[in-house]
Amino acid sequence: MKKAILFAAHGSKNRAASSAMGNILKMAKEAHPDIPVYSAFTSGHVLKKLREKGQKLPTVKQNLENLSVEGFTHVVVQSLHVIPGTEFTNITRLLGRVEKGEIEFEKAVVGEPLLTNDQEIDEISDIILNLLEERDPQNEALILVAHGSKYSDSGNSLYDKFKEVLEAKDENAYLGKLNAEGGIEEISDRIKESGIKKAYLLPLLFGAGNHVKKDMAGEQKDSWMNIVASRGIETVPVAKGIGEFDVFAQRWMDKLEKAIKQLEE
């Protein structure tokens with residue numbers, strides 16, 4: 001049995017996002033020094049933009065084909081996505097091609113994303129609400145910045161459930177989706193109406209790429225930070241992907257360990 005681990009993340013054109021990937025690669029190599037560890041991006045848009053800059057990175061499919069050619073017999077593709085959206089579905093379809101013999105492995109297993117069920121929603125929401133020690137939950141707001149999923153109803157239903165649970169636990173916590181129209185304006189107005197004068201913005205994203213650096217915390221007028229600030233609210237952006245926090249990286253590592261056990265069965 002010749003095993004390999006392939007981490008699959010949305011990806012980013014921004015080098016700052018590499019900190020989260022570096023963190024989990026380090027953890028995986030320390031936990032499994034005998035198993036080679038690789039990484040790939042799943043966003044076609046990100047890969048296209050990188051190619052235009054002269055950086056031609058192999059896709060998940062190309063990585064799997066290369067590993068097969070190199071003689072690996074067993075592989076785990078560990079998702080680093082937050083929810084099982086479109087890009088995760090694409091990974092599962094690729095592994096279906098392995099089962100059909102189109103990509104040759106004796107066995108290939110996919111590791112789950114961060115949020116897949118009610119128990120994980122409950123546990124992760126608790127971690128989120130206790131992550132920022134400097135925040136006073138009675139007097140300061142927390143805005144969780146999620147990506148959203150344009151084409152996955154099941155993915156969006158998980159975001160909606162997470163929002164419901166998070167906001168029920170903390171009346172000053174909010175979840176918004178970057179791909180939803182008007183969400184941050186409504187959240188900003190709700191915070192202003194509550195009388196809260198300070199808000200933290202925290203990404204619910206694996207890495208701190210352009211969504212964090214520009215959409216959330218950018219200097220332009222329509223960044224989330226400036227939309228909130230336009231209501232007279234002091235804003236504190238936390239420009240780190242959750243993959244940079246060991247408590248979250250460990251959750252993905254737990255998923256990896258589960259997948260490796262499946263691989264060995």
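Predicted model, so just to flag it, every value in this text is computed and none were measured. Along the sequence shown, residues are numbered consecutively beginning with 1. Atoms considered below: every heavy atom in the structure, side chains included; atoms not considered: hydrogens, waters and symmetry mates.
Checked for salt-bridge contact, K198 and E140 meet the test: a charged N lies under 4.0 Å from a carboxylate O. The residues K163 and E167 are annotated as salt-bridged, a charged nitrogen and a carboxylate oxygen being separated by less than 4.0 angstrom. Salt bridge annotation for E52-K48: present, with a cationic side-chain nitrogen under 4.0 angstrom from a carboxylate oxygen. Between E264 and K3, at least one side-chain nitrogen of the basic residue sits less than 4.0 Å from a carboxylate oxygen of the acidic one, meeting the salt-bridge criterion. A salt bridge links E120 to K255: at least one charged side-chain nitrogen sits closer than 4.0 Å to a carboxylate oxygen. Classification of K26 and D246 as a salt-bridged pair fails, no side-chain N sitting under 4.0 Å from a carboxylate O. For the pair E65 and R97, the salt-bridge criterion is not met [side-chain N within less than 4.0 Å of a carboxylate O]. Salt-bridge annotation for K2 and E70: absent, with no side-chain N of the basic residue lying under 4.0 Å from a carboxylate O of the acidic one. One finds a salt bridge joining K169 and D122 here, because a Lys/Arg side-chain nitrogen approaches an Asp/Glu carboxylate oxygen to under 4.0 Å.
Scanning all heavy atoms of the two residues, the minimum distance from L263 to V75 falls at CD1-O, 3.4 Å. Closest approach of R251 to I124, counting heavy atoms only: NE-CD1, 3.7 Å. Scanning all heavy atoms of the two residues, the minimum distance from M253 to A31 falls at CE-CB, 3.9 Å. What you find for Y38 and A4 is that their closest heavy atoms are CE1-CB, 4.2 Å. Contact record, G111 with A259: CA-CB, 4.0 Å, taken as the closest heavy-atom pair. For M27 against A249, the heavy-atom pair with the smallest separation is SD-CB, 3.5 Å.
Distance check, rounded to the nearest 0.5 Å: CG of L205 to NZ of K240 gives 14.5 Å. Note that CG of L142 is 9.5 Å distant from CG of N172, once rounded to the nearest 0.5 Å. Here the CG-CG distance, from L129 to L166, works out to 5.0 Å after rounding to the nearest 0.5 Å. Atom CG of residue L201 and atom OH of residue Y174 lie 12.5 Å apart, to the nearest 0.5 angstrom. Going from atom CG of L80 over to atom CG of L256 covers 9.5 Å, rounded to the nearest 0.5 Å. Between the CG atom in L144 and the CD1 atom in I187 there is a gap of 9.5 Å [rounded to 0.5 Å].
You'll find the side chain of P84 reaches within 4.5 Å of the side chain of L158, heavy atoms only. Residues I24 and F248 fail the side-chain proximity criterion, which asks for heavy atoms closer than 4.5 Å. Residues M216 and S223 have side chains not in contact (no heavy-atom distance under 4.5 Å, counting atoms from C-beta outward). Counting heavy atoms from C-beta on, the side chains of D160 and K177 come closer than 4.5 Å. By the 4.5 Å heavy-atom criterion applied to side chains, Y200 and T235 are not counted as neighbours. Proximity of T42 to V60: side-chain heavy atoms (C-beta onward) are separated by under 4.5 Å at one or more points. Using a 4.5 Å heavy-atom cutoff, the side chains of I191 and R231 are not in contact. Considering only heavy atoms from C-beta on, E257 comes within 4.5 Å of H32 through its side chain.
Counting non-hydrogen atoms of other residues, nucleotides and ligands closer than 6.0 Å to CD of Q220 gives a total above 12. Heavy-atom neighbours of K107 NZ from other residues, nucleotides or ligands within 6.0 Å: above the threshold of 12. Within 6.0 Å of CD on Q262 lie more than 12 heavy atoms contributed by other residues, nucleotides or ligands. Sparse packing is recorded around CD of E99, with 12 or fewer heavy atoms of other residues, nucleotides or ligands lying under 6.0 Å away.
With T89 contributing its side chain and G85 its backbone, the two residues share a donor-acceptor pair below 3.5 Å. Remark: side-chain polar atoms of N63 are not paired, donor with acceptor, to backbone N or O of L6 under 3.5 angstrom. Under a 3.5 Å cut-off, the side chain of N66 and the backbone N or O of Q62 do form a donor-acceptor pair. The closest donor-acceptor contact from the side chain of N226 to the backbone of E219 lies under 3.5 Å. For S19 (side chain) and E244 (main-chain N/O), no donor-acceptor pair under 3.5 Å exists by modelled atom type. Looking at Q78, its side chain does come within 3.5 Å of a backbone N or O of E112 through a donor-acceptor pair.
With hydrophobic clusters built from ILVMFWY side chains whose heavy atoms lie under 4.5 angstrom apart, I260 does not share a cluster with F72. Hydrophobic clustering, with ILVMFWY side chains joined whenever heavy atoms are under 4.5 angstrom apart, keeps V77 apart from M21. Linking ILVMFWY residues whenever their side-chain heavy atoms come closer than 4.5 Å, directly or via other members, places I5 and L25 in the same cluster. Under a hydrophobic clustering in which Ile, Leu, Val, Met, Phe, Trp and Tyr are joined whenever their side-chain heavy atoms come within less than 4.5 Å, directly or via other members, L132 and M225 fall into different clusters. Note on I184: it clusters hydrophobically with I196, by side-chain heavy-atom contacts below 4.5 Å among ILVMFWY residues.
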Test salt bridge (Lys or Arg N to Asp or Glu O under 4.0 Å) applied to K29 and D34, step by step: CA-CA 8 Å; K29 288 172 182 176; D34 56 329; over 6 Å; no
Evaluate side chain to side chain contact (heavy atoms under 4.5 Å, CB included) for L114 paired with I83, printing each intermediate quantity in order. CA-CA 6 Å; L114 186 68; I83 51 101; over 6 Å; no
Kindly determine whether L204 and Y159 satisfy side chain to side chain contact (heavy atoms under 4.5 Å, CB included), including the steps that lead there. CA-CA 10 Å; L204 185 61; Y159 278 129; 4.3 Å; yes
Before you tell me yes or no, could you show the steps for L67 and F105 under side chain to side chain contact (heavy atoms under 4.5 Å, CB included), namely the whole-Å CA-CA distance, both residues' side-chain angles and the distance that decides it to 0.1 Å? CA-CA 9 Å; L67 291 172; F105 291 103; 3.9 Å; yes
F41/L50 under side chain to side chain contact (heavy atoms under 4.5 Å, CB included): CA gap, chis, key distance, verdict: CA-CA 11 Å; F41 292 166; L50 289 171; 3.8 Å; yes
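When only modelled atom types and interatomic distance are considered, D136 and N139 share a side-chain donor-acceptor pair under 3.5 Å. Side chain to side chain, Q250 and D254 meet the donor-acceptor criterion of an N or O pair below 3.5 Å.
Aromatic ring centres of F7 and W252 lie farther apart than the 6.0 Å criterion allows. In this structure, H147 has its ring center at least 6.0 angstrom away from the ring center of H81.
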